[in-house]
2 protein chains.
Amino acid sequence: MICREQDLRDAVIVICTGWAASVVMLSDSRRQILSFLLPGDVLSTPSGPHSSVEAITHVQWCSFARTELKEILLNQPHLINGFSRARTEEKMRADELIVDLGRRTADERIARLILNLAERLAQRGMTRAETMEFDFPLRQHHIADAAGLTPVHVSKVLTQFRRGGLIKISDRSLTILDPAGLRRIADMR
Amino acid sequence: MICREQDLRDAVIVICTGWAASVVMLSDSRRQILSFLLPGDVLSTPSGPHSSVEAITHVQWCSFARTELKEILLNQPHLINGFSRARTEEKMRADELIVDLGRRTADERIARLILNLAERLAQRGMTRAETMEFDFPLRQHHIADAAGLTPVHVSKVLTQFRRGGLIKISDRSLTILDPAGLRRIADMR
DNA sequence: CGGCCCTTTGACGGACGTCAAATAGCGTGG
DNA sequence: CCACGCTATTTGACGTCCGTCAAAGGGCCG
């Protein structure tokens, strides 16, 4: 189930198929998900201690040794741009997550998580029904670990969203029924 | 007081002198500090919307146009390593902050913030008295915005630290009186 | 049928936020 | 040198959001 130990110090990982998560574990049982990794995503930066990459669905991935990669990039400098863009996007996502965790409520965090995933999946052509329905393999504990919450509270917020007619979840698939409403929650306050 | 608007899209900033902060502001008055910038620090990644770099003390800095920088790096590939390391460190700090904000208590966050700053200042030779005393220009609202807390709560935690004999703050200077105790709070739970 | 994990729900508690008032610094101008 | 006005910090009372604990379904697979 675990793709890699913290020895992604020496490797860059590219997800080809499926969903994965970059996870940090603390001494007790607390966990924090740094990012969800979708097909095409690059994990270019070594994460700190006690971090790993965990598969959420079945995953296919590639792994490049950093030394190797450095040579490739030196020989073919036109590839640097793409790699640099991947790192930039990683960092910008991390910065957004910092703001979410530092300054937003549980409802905002979860709404934004859903909208972010929807957008990233849409970019990859992995959505259906006018981009508002998509495969959703996450368990609530994944959402909890990504949003800095407990599974119990995630459950409460999600059922509240469901009762508000904002989303529908069934059969490992999520539908955004009221995009405007969800965005209002995500941006507001 | 503000060094740069969000048009650090086009520039890379290097701090030469003083303390600064990379800040994101939300629609209401909520603020989140992404990182404190010390002398020698590089802000290589464009932060998202509503972000800026604010001076905390008097600051001297350099700014490189990205296009320019790209040329320099293409012509002198041996400089790429250093730039890449700066980006990696930025990302690792961001990841640590994500874990702090997502999964740690107020005490842990503040203890870790203090220890992190102490370590970074020690690396720069900016500490005194066996590396446990250093200039500390931060206001409590800076700490609050960095740790995702309110200034009121920061005040309570800091006086608790002071009463516990862990730190001493006076005259814009901070002394870590009990490094082991502070580290115990920072790592624990 | 029987475990096992996931999710839901409710009662309760705790960490942190909000509000408000008092105090302390600190620069400015008289 | 002192009066003042501003901002930062401290402190306490109280409220809220989210966590904890526990119990009760559901879904899935052997």
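Here is how names work: the chains are called A, B, and so on, in the same order as the sequence lines, proteins then strands, and each is numbered from 1. Computed over heavy atoms, backbone and side chain alike; hydrogens, waters and symmetry mates excluded.
Taking the screw axis at each terminus of the helix from dC1(C)-dG30(D) to dC26(C)-dG5(D) from five consecutive base pairs, the angle between the two is 40° to within rounding of 10 degrees.
Looking at heavy-atom distances under 4.0 Å, Arg163(A) makes contact with sugar-phosphate atoms alone, never a base. Within 4.0 Å (heavy atoms only), Arg109(B) reaches no atom of the nucleic acid at all.
Looking at heavy atoms from C-beta onward, Gln32(A) lies out of side-chain contact with Asp145(A) at the 4.5 angstrom threshold.
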### Summary
Heavy-atom contacts, protein to nucleotides 23-30 of chain D, under 4.0 Å, summarised as B (base), S (sugar-phosphate only) or - (none) per nt, yield --------
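Considering only residues two or more places apart in sequence or on other chains, Gln160(A) meets the side chain to side chain donor-acceptor pair (under 3.5 Å) condition with Asp107(A). For Arg124(B), the salt bridge (charged side-chain N to carboxylate O under 4.0 Å, His left out) test picks out Asp41(B), with sequence neighbours left out. Taking Gln123(B) as the reference, nothing meets the side chain to side chain donor-acceptor pair (under 3.5 Å) condition, with sequence neighbours excluded.
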### Chi angles and distances behind the side-chain hydrogen bond (donor to acceptor under 3.5 Å, both in side chains) call for Thr45(B), Arg87(A)
CA-CA 9 Å; Thr45(B) 311; Arg87(A) 299 191 76 174; over 6 Å; no
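In this structure, Arg128(B) places its CZ atom where more than 12 heavy-atom neighbours from other residues, nucleotides or ligands lie under 6.0 Å away.
Heavy-atom distances under 4.0 Å link DNA chain C to Gly148(B), Leu149(B), Thr150(B), Val152(B), His153(B) of residues 148-155 of chain B, given in residue order.
If you check dT8(C), dC18(D), dT18(C) against the side chain of Lys156(B), the one that comes closest is dT18(C).
OP1 or OP2 of dT10(D) sits under 4.0 Å from a side-chain N or O of Gln140(B).
Side-chain atoms of Arg9(B) never come within 3.5 Å of backbone atoms of Gly48(B) as a donor-acceptor pair (strictly under, hydrogens ignored).
Atom CG of Leu34(A) sits about 5.5 Å away from atom OG of Ser47(A), to the nearest 0.5 Å.
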